[in-house]
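Shown next, in structure tokens, is the structure this report addresses.
No experiment lies behind these values; they were computed from the predicted model shown. Per chain, numbering begins at 1; letters A, B, ... match sequence-line order.
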2 protein chains.
Amino acid sequence: MSESAIRPRKEFGKTIAADITHRLREEIIACGLPPGEPLRFDVLRERFGASFTTLREALTALAAEGLVDAQEQRGFRVAPVSRQDLMEVTDARVLIEVELIRRSIERGDDDWEIAVISTLHRLKRIEQRDPEHPLRDPEWKIAHRQFHQALVSACGSATLLAIRAELFDRAERYRHLSANFRPRPRDKAGEHQAIMQAAISRNADLAVQLIETHIRSTADNVATYAAHLLDTE
Amino acid sequence: MSESAIRPRKEFGKTIAADITHRLREEIIACGLPPGEPLRFDVLRERFGASFTTLREALTALAAEGLVDAQEQRGFRVAPVSRQDLMEVTDARVLIEVELIRRSIERGDDDWEIAVISTLHRLKRIEQRDPEHPLRDPEWKIAHRQFHQALVSACGSATLLAIRAELFDRAERYRHLSANFRPRPRDKAGEHQAIMQAAISRNADLAVQLIETHIRSTADNVATYAAHLLDTE
DNA sequence: AACGGTATGATTTTCGAAAATATTGGTTTG
DNA sequence: CAAACCAATATTTTCGAAAATCATACCGTT
């Protein structure tokens with residue numbers, strides 16, 4: 001009765017299109033498909049084993065998320081990067097994330113506190129294993145995402161959470177872009193710890209200030225160490 | 001040499017998919033396709049004269065915009081409406097639009113001022129023609145959208161403008177929802193005039209306050225007069 | 001009657017061929 | 001020599017048939 005003993009066709013989501021969307025998104029965020037790269041159907045067809053129209057559906061969805069650039073009649077390409085875009089994404093993230101943190105601190109219940117504490121705990125455990133290269137560890141990526149997600153999860157607005165998620169993905173791509181050139185990770189562990197404590201103790205002003213610094217300094221780092229990739233576009 | 005003397009295939013955009021996306025969006029916003037309505041391919045195929053896959057692409061794009069609800073393996077339907085969703089959209093709009101107005105007032109140049117003044121002028125001209133039922137006039141809809149678009153157009157962030165546009169569409173659908181039951185339009189003309197004056201005179205605090213009131217009172221109106229459509233979902 | 005399973009029909013989802021459009025390279029013309 | 005034109009090729013876009021999946025109604029059993 002096992003759905004597929006050999007090789008599951010759909011690892012994520014029920015439809016192939018949703019699955020391809022997910023896999024393509026991951027690859028673009030991780031810069032496995034570099035910014036600006038043309039996305040030709042022949043190549044994608046071979047790589048992902050799906051037909052034209054299914055791929056087209058996935059690319060259309062990613063275009064709406066801002067990770068893919070659709071040029072009508074001239075195909076798709078990975079969304080290019082630029083200093084301007086990095087700045088816009090950073091600003092938008094600050095605007096929205098700050099608001100969502102405030103609302104979460106205002107409204108969060110016991111479950112919210114537990115989620116914040118436990119996701120941070122897992123993040124720290126993973127960081128202990130390999131403190132040098134966290135961004136290369138896919139588990140760290142997931143845990144990091146889940147901690148930040150937990151912080152805002154009690155805000156009460158699915159609409160704003162969806163927007164936040166898109167911006168988070170776009171920002172994460174920039175982090176990956178500079179990861180190979182960044183000499184050493186900042187003291188993220190300490191920052192995360194401080195943010196957690198401010199949130200749990202319901203100190204909204206402090207939490208907001210820490211989050212804003214966290215977001216902006218990450219972006220500054222990217223702008224510094226990926227400068228050669230941002231100016232030549 | 002005319003591209004199509006009989007009947008243009010693509011009225012908007014270069015690809016059929018983009019064209020269908022546009023037409024479907026308009027219909028959903030205008031509630032020609034009512035909230036919750038199942039979107040069956042047979043029906044759409046006949047109505048829009050496109051094939052399965054093309055329609056699928058359009059529906060996928062609209063799902064990413066929040067106007068369509070994709071239920072994997074069970075097709076698509078027009079996104080349902082609810083009091084909660086209306087509230088979320090309203091809150092998100094206030095958060096973003098307020099910020100964009102501030103930035104536009106800060107950065108807007110002569111061209112921006114001209115755009116604000118001229119779009120308002122056109123809006124008023126159209127309102128004079130038929131002051132009773134502005135929302136039913138498609139020209140009023142376009143002019144109204146363009147005035148609000150002009151106000152924020154100088155904010156400098158394409159990212160936030162795209163988010164704003166999606167939220168505007170979702171809000172406009174709610175306005176249409178209640179349009180048939182609203183006894184009389186509020187004094188929108190006066191409100192628009194006041195917003196324009198505050199913006200042009202670079203009174204950011206006043207403009208922001210007027211916009212917030214404008215958005216929230218519109219939403220309150222919808223919640224009142226479309227109550228029977230919002231609670232039974 | 002209630003429940004569970006199964007066949008049947010309806011609907012979505014996927015595919016690869018075919019049509020439409022863009023790009024490239026070569027040829028001619030001014 | 002540059003520009004404009006055209007042909008040949010590469011690529012995207014669209015289509016409808018076929019496969020996969022879901023919903024419904026029917027039937028037998030408890």
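Of the two residues near DNA chain C, R74(A) and R45(A), the one whose nearest nucleotide lies more 5' is R45(A). Place R40(B) and T53(B) on DNA chain C by their nearest nucleotides, and R40(B) ends up nearer the 5' end.
Going from atom CZ of F41(B) over to atom C1' of dA20(D) covers 14 Å, rounded to whole Å. One atom, NZ of K14(A), and another, P of dT21(D), lie 11 Å apart when rounded to the nearest Å. Per the geometry, CG belonging to D42(A) stands 13 Å off P belonging to dA17(C), to the nearest Å. As rounded to whole Å, 15 Å separates atom P of dT13(D) from atom CD1 of I20(B). Here dT11(D) presents its P atom at 14 Å from CD of Q71(A), a figure rounded to the nearest Å. Rounded to an integer number of Å, the gap from CG of L55(A) to P of dC15(C) is 9 Å. Computed from coordinates, the E37(B) CD to dT11(C) P distance equals 14 Å when rounded to whole Å. For the pair R77(B) CZ and dT12(C) P, the interatomic distance rounds to 14 Å; values are reported in whole Å.
Electrostatic pairing of D169(B) and R145(B) counts as a salt bridge here, judged by a charged N lying under 4.0 Å from a carboxylate O.
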*Determine, step by step, whether E37(A) and R77(A) satisfy the salt bridge (charged side-chain N to carboxylate O under 4.0 Å, His left out) criterion, reporting the C-alpha distance in whole Å, the side-chain angles of both residues, the deciding distance to 0.1 Å, and the verdict.*
CA-CA 5 Å; E37(A) 177 99 339; R77(A) 60 175 178 165; over 6 Å; no
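Counting only distance, with no hydrogens or angles, the side chain of W112(B) and the backbone of L151(B) share a donor-acceptor pair below 3.5 Å. In this structure, Y174(B) contributes its side chain and S82(B) its backbone to a donor-acceptor pair below 3.5 Å.
Of the listed residues (H121(B), H214(B), H192(B)), just one forms a ring pair (Phe, Tyr, Trp, His ring centres under 6.0 Å) with F147(B), and that residue is H192(B).
Of the candidates dT14(C), dT13(C), dC15(D), dC15(D) carries the atom nearest the S51(B) side chain, counting heavy atoms from C-beta on. When each of dC15(C), dT14(D), dT14(C) is scored by its nearest atom to the side-chain atoms of A50(A), the top-ranked nucleotide is dC15(C).
For dT13(D), one of the phosphate oxygens OP1 or OP2 lies less than 4.0 angstrom from a side-chain nitrogen or oxygen of R56(A).
Nucleic acid contact for L44(B): none, since no nucleic acid atom lies under 4.0 Å from a heavy atom of the residue. Residue F52(B) is classed as a base contact, given a heavy-atom separation below 4.0 Å to a base. Residue contacts for T54(A): at a heavy-atom cut-off of 4.0 Å it reaches the sugar-phosphate backbone alone, with no base atom in range.
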